[in-house]
Amino acid sequence: MQFWFGRQKQAEAAPRHRQPAPPPPMPAPPEEDPLEAVSALLAGLKAIQNGAKGLAARGGWVFLINDTNDFLSWHLGLKRWSDDEQAAVRNILDERIEQLSGRYYQMFICPEKSIVYRDYLPAGLDAAAPCDDRPALAMARMRPDAVHYLADRFDALKRLGMLFFRGDTHVNWMGAYHLYRETILALQARGAPVGPPLTFSHLQHFVAGMEGDVLIQLPEAAKDAFEVDASLARVGNMLELVISHTLPEARKRARPVLTPEGFIPGGGGRETVIMEQADKSLPKALIFRDSTATLSIELLAQHFSRSVFVWQDGDVIGDLIDREQPDVILHFVAERFLATYPRSTAINHIHK
């Protein structure tokens with residue numbers, strides 16, 4: 001036995017007590033599925049909208065909701081192509097590009113306003129990341145030689161000025177100029193003899209007013225709150241004043257001509273536009289388009305001896321290719337219309 005100044009070591013003298021075992025850790029709460037939260041948010045907005053297609057946002061902005069293709073669900077990743085649908089789209093593109101291999105075929109997908117200006121979306125949607133495998137991105141990855149999705153370019157270019165109308169789904173004149181410019185640059189890169197794009201300084205610039213296709217579809221219940229901001233820049237019935245950028249008369253070489261009787265019309269009841277110019281050394285072009293390219297028509301036409309602009313439903317129409325025998329085929333599609341692309345065809349022949 002050891003003594004420490006007359007005391008036994010306290011550690012030896014003290015009775016030993018077993019410490020109680022710590023309680024088991026509490027199970028971690030289940031992580032919330034971010035898609036479930038986004039889905040609930042979007043469903044709530046749709047319920048409030050009661051079917052209206054104009055979604056009000058701060059600063060006098062209006063976005064599209066409740067459209068036929070339900071684009072916001074694709075934007076947010078709530079809807080996606082299956083593996084089979086992706087394979088079908090790849091086959092469509094491969095077959096089309098193979099059949100048009102003797103021509104310059106280029107497809108341009110115009111991004112939706114909610115993609116380019118996603119920071120302006122309302123009610124928490126601005127914090128939700130866009131889906132990174134939505135149809136437009138998937139198609140551009142499948143065939144980057146022929147499919148151009150302009151979201152990244154527009155994201156950079158928006159620093160130069162507004163690219164979309166605040167109350168409309170479409171690009172404004174600034175957006176239309178850059179859609180045109182990116183098209184001509186892509187054709188040049190492929191070796192098409194179209195010459196350089198017109199510079200911004202070649203255009204004339206005027207103040208113009210715009211109301212908008214989704215502005216007029218706001219739900220009644222949202223209008224008063226919307227006008228608190230919108231009224232700060234409204235002029236009469238016009239939601240906004242913008243600058244139109246158009247080609248001066250003196251620079252117009254291509255001019256519209258009459259559409260001949262019996263010519264296959266564009267879809268959707270929209271007019272087929274035909275432009276021609278005297279310089280026959282330039283290539284001939286057939287342009288399948290929707291409303292995203294409307295403000296680019298006159299600029300594009302300056303690069304072709306003959307250009308035919310046909311409204312279509314995402315199709316490339318074989319009958320018109322046979323009729324026109326174009327050197328260049330351009331294909332403009334708004335991003336929201338790609339949802340049904342797995343059910344489309346490589347080349348659509350109306351008269352079989």
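Hydrogens, waters and symmetry mates are skipped; everything else that's a heavy atom, side chains included, is used.
When each of E211, E240, E227 is paired with R234, the side chain to side chain donor-acceptor pair (under 3.5 Å) condition holds for E227 and for no other. Applying the side-chain contact (heavy atoms from CB on, under 4.5 Å) test between L320 and each of T272, V308, L286 identifies L286 as the sole match.
Shortest non-hydrogen contact noted between G59 and D229 is N-OD2, 2.9 Å. Considering all non-hydrogen atoms of both residues, H349 and D322 come closest at CE1-OD2, 4.2 Å. Looking at every heavy atom in both residues, K113 comes nearest to R166 through NZ-O, 2.9 Å. R153 and R181 make their closest contact through NH2-NH1, 4.5 Å (heavy atoms, listed as atom of the first residue, atom of the second, distance). Taking every heavy atom of both residues into account, D119 and D126 meet most closely at O-CB, 3.7 Å. When all heavy atoms are compared, the tightest approach of I329 to P326 is CG1-CG, 3.8 Å.
The backbone N or O of D145 lies less than 3.5 Å from a partner atom in the side chain of Q106, making a donor-acceptor pair. Q302 places a side-chain N or O within 3.5 Å of a backbone atom of A254 that can act as its donor or acceptor partner. Side chain of D315 to backbone of I317: no donor-acceptor contact under 3.5 angstrom is found. Side-chain N or O atoms of R306 include none that pairs as donor or acceptor with a backbone N or O of K280 at under 3.5 Å.
Hydrophobic clustering (side-chain heavy atoms under 4.5 Å, transitive across Ile, Leu, Val, Met, Phe, Trp, Tyr) groups L179 together with L299. Note on L247: it does not cluster hydrophobically with V242, by side-chain heavy-atom contacts below 4.5 Å among ILVMFWY residues. In the hydrophobic clustering of ILVMFWY residues, with side-chain heavy atoms under 4.5 Å counting as a link, I216 and V62 come out apart. Note on L157 and L300: same hydrophobic cluster, where clusters join Ile, Leu, Val, Met, Phe, Trp and Tyr whose side-chain heavy atoms are under 4.5 Å apart, directly or indirectly. At a threshold of 4.5 Å between side-chain heavy atoms, the hydrophobic network of Ile, Leu, Val, Met, Phe, Trp and Tyr places V116 and L72 in one connected group.
One distance of note links CH2 of W81 with CE of M139; it measures 5.5 Å at 0.5 Å rounding. We find the CG-CG distance between L215 and D168 to be 9.0 Å, quoted to the nearest 0.5 Å. The CD1 atom of I297 sits 3.5 Å away from atom CZ of R289, with the distance rounded to the nearest 0.5 Å.
Between Y117 and F164, the ring-plane angle classifies as perpendicular under the 30° and 60° cut-offs. The aromatic rings of F332 and F108 sit parallel to each other, their planes meeting at less than 30°, with 60° as the upper class boundary. Aromatic ring pairs are classed by plane angle as parallel below 30°, tilted from 30° to 60° and perpendicular above 60°; the pair F165 and W173 is perpendicular. Ring geometry for F63 versus W61: interplanar angle under 30°, hence parallel rather than tilted (30 to 60°). Taking the six-membered ring where the residue is Trp, H303 and Y180 present tilted rings, their angle falling between 30° and 60°.
I48 has its side chain out of reach of P219: every pair of non-hydrogen atoms, C-beta onward, lies at least 4.5 Å apart. By the 4.5 Å heavy-atom criterion applied to side chains, S305 and D279 are not counted as neighbours.
Using a 4.0 Å cut-off between charged side-chain N and carboxylate O, K46 and D70 make a salt bridge. A salt bridge links K252 to E298: at least one charged side-chain nitrogen sits closer than 4.0 Å to a carboxylate oxygen. Electrostatic pairing of K53 and D67 does not count as a salt bridge here, judged by no charged N lying under 4.0 Å from a carboxylate O.
Crowding of L258 atom CG: a count of heavy atoms from other residues, nucleotides or ligands under 6.0 Å not exceeding 12. For R118, the CZ atom counts as densely surrounded, since its 6.0 Å shell holds more than 12 non-hydrogen atoms of other residues, nucleotides or ligands. Residue R141 qualifies as enclosed at atom CZ: its count of foreign heavy atoms under 6.0 Å is above 12.
A donor atom on one side chain and an acceptor atom on the other are not found under 3.5 Å apart for R336 and T68. Judged purely by distance below 3.5 Å, without hydrogens or angles, the side chains of Q99 and E95 pair a donor atom with an acceptor atom. Side chains of R103 and Q325: a donor on one and an acceptor on the other come within 3.5 Å. A donor atom on one side chain and an acceptor atom on the other are not found under 3.5 Å apart for R143 and Y105.
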side-chain contact (heavy atoms from CB on, under 4.5 Å) between E249 and Q204: does it pass, once the steps are laid out? CA-CA 9 Å; E249 192 68 24; Q204 59 187 356; over 6 Å; no

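Between H178 and F154, a ring centre-to-centre spacing not shorter than 6.0 Å is recorded.
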